[in-house]
Amino acid sequence: MQLRIGQGYDVHAIGAGLPMFLGGVQIDCPFGFIAHSDGDVAIHALCDALLGAAALGDIGLHFPDNSPEWKGADSKDLLARVVKMLSAEGWKVNNADITIALQAPKLRPYIDPMRCVLAGILGIDAGAVSVKATTTERLGFVGRGEGCEVWAVATITKES
Ligand code: MG
């Protein structure tokens, strides 16, 4: 069996009055993320971790942010497409671990819903999907409430 690890990183700026999507879940909040797609920065980082593990490029390569095709795209759909790209090459997702840095709002109530939604798309048990959230203690652009930063790690396997 082959085992690969990949990591992904993404940032989006916060904008007032936009819907906020994180990990495939809508967050009840008066602001959201400025983006060409729905701005789900957690899913974007996860897509890059998966693509990175399979050495299949990155999210910007497959879903360019200047293409009308992906304007307002549901990031859950982008993730499903990434999973399909991997499975076309024989890769199965093994696990994922995501860290979201956001000053506000508190994400605790949304963590388990995110794990369930992501696990459903990845085709794995929610027990293999970890989502963690942290503030940055008011430091930096995250701490000033200007943006959200996400790191993701995923492992994939292939029978050989
Ligand atoms: Mg992005």
Side-chain angles (χ1 to χ4, degrees), residues 4-88 91 93 95-107 110-111 113-124 129-136 139-156:
R4 297 267 194 90
I5 184 167
Q7 64 99 22
Y9 170 74
D10 197 24
V11 170
H12 278 272
I14 284 173
L18 297 169
M20 180 186 285
F21 297 99
L22 270 176
V25 172
Q26 183 158 6
I27 311 297
D28 184 19
C29 187
F31 48 84
F33 304 124
I34 299 166
H36 185 69
S37 69
D38 68 6
D40 193 324
V41 55
I43 288 189
H44 298 175
L46 177 57
C47 285
D48 266 357
L50 294 167
L51 290 167
L56 285 173
D58 62 29
I59 193 169
L61 173 74
H62 298 288
F63 315 112
D65 66 4
N66 54 8
S67 157
E69 189 180 358
W70 308 115
K71 175 114 186 80
D74 180 341
S75 295
K76 297 193 296 297
D77 178 47
L78 304 185
L79 179 60
R81 287 166 186 266
V82 166
V83 170
K84 215 177 251 181
M85 281 178 224
L86 265 65
S87 89
W91 293 109
V93 180
N95 82 300
D97 183 22
I98 298 168
T99 301
I100 302 169
L102 183 67
Q103 192 60 43
K106 289 283 180 217
L107 296 177
Y110 301 101
I111 296 291
M114 287 185 213
R115 294 174 63 216
C116 288
V117 169
L118 296 174
I121 301 168
L122 296 172
I124 58 179
V129 180
S130 160
V131 178
K132 314 187 298 297
T134 184
T135 71
T136 60
L139 295 169
F141 70 85
V142 169
R144 290 189 298 271
E146 295 169 4
C148 179
E149 196 171 26
V150 180
W151 296 262
V153 174
T155 60
I156 60 174

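Indexing begins at 1, ligand by ligand and atom by atom, following the structure's order.
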Peer 1: Using a 4.5 Å cut-off on heavy atoms from C-beta on, say whether the side chain of Leu102 contacts that of Leu22.
Peer 2: yes

Peer 1: Closer than 2.8 Å to the Mg ion (ligand 1), what protein N/O/S atoms do you find?
Peer 2: Asp10 OD2, His12 NE2, His44 ND1

Peer 1: Angle class for the Phe33/His12 ring planes (parallel below 30°, perpendicular above 60°, tilted otherwise)?
Peer 2: tilted

Peer 1: Only counting residues at least two apart or in another chain, list the ones meeting salt bridge (charged side-chain N to carboxylate O under 4.0 Å, His left out) with Arg4.
Peer 2: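 With sequence neighbours excluded, Arg4 shows a salt bridge (charged side-chain N to carboxylate O under 4.0 Å, His left out) to no residue whatsoever.
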
Peer 1: Does NZ in Lys132 sit with more than 12 non-hydrogen atoms of other residues, nucleotides or ligands closer than 6.0 Å?
Peer 2: yes

Peer 1: Decide if atom CD of Gln7 counts as having more than 12 heavy atoms of other residues, nucleotides or ligands within a radius under 6.0 Å.
Peer 2: no

Peer 1: Is the closest side-chain heavy-atom distance between Leu86 and Val82 below 4.5 Å?
Peer 2: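 A side-chain contact under 4.5 Å exists here.
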
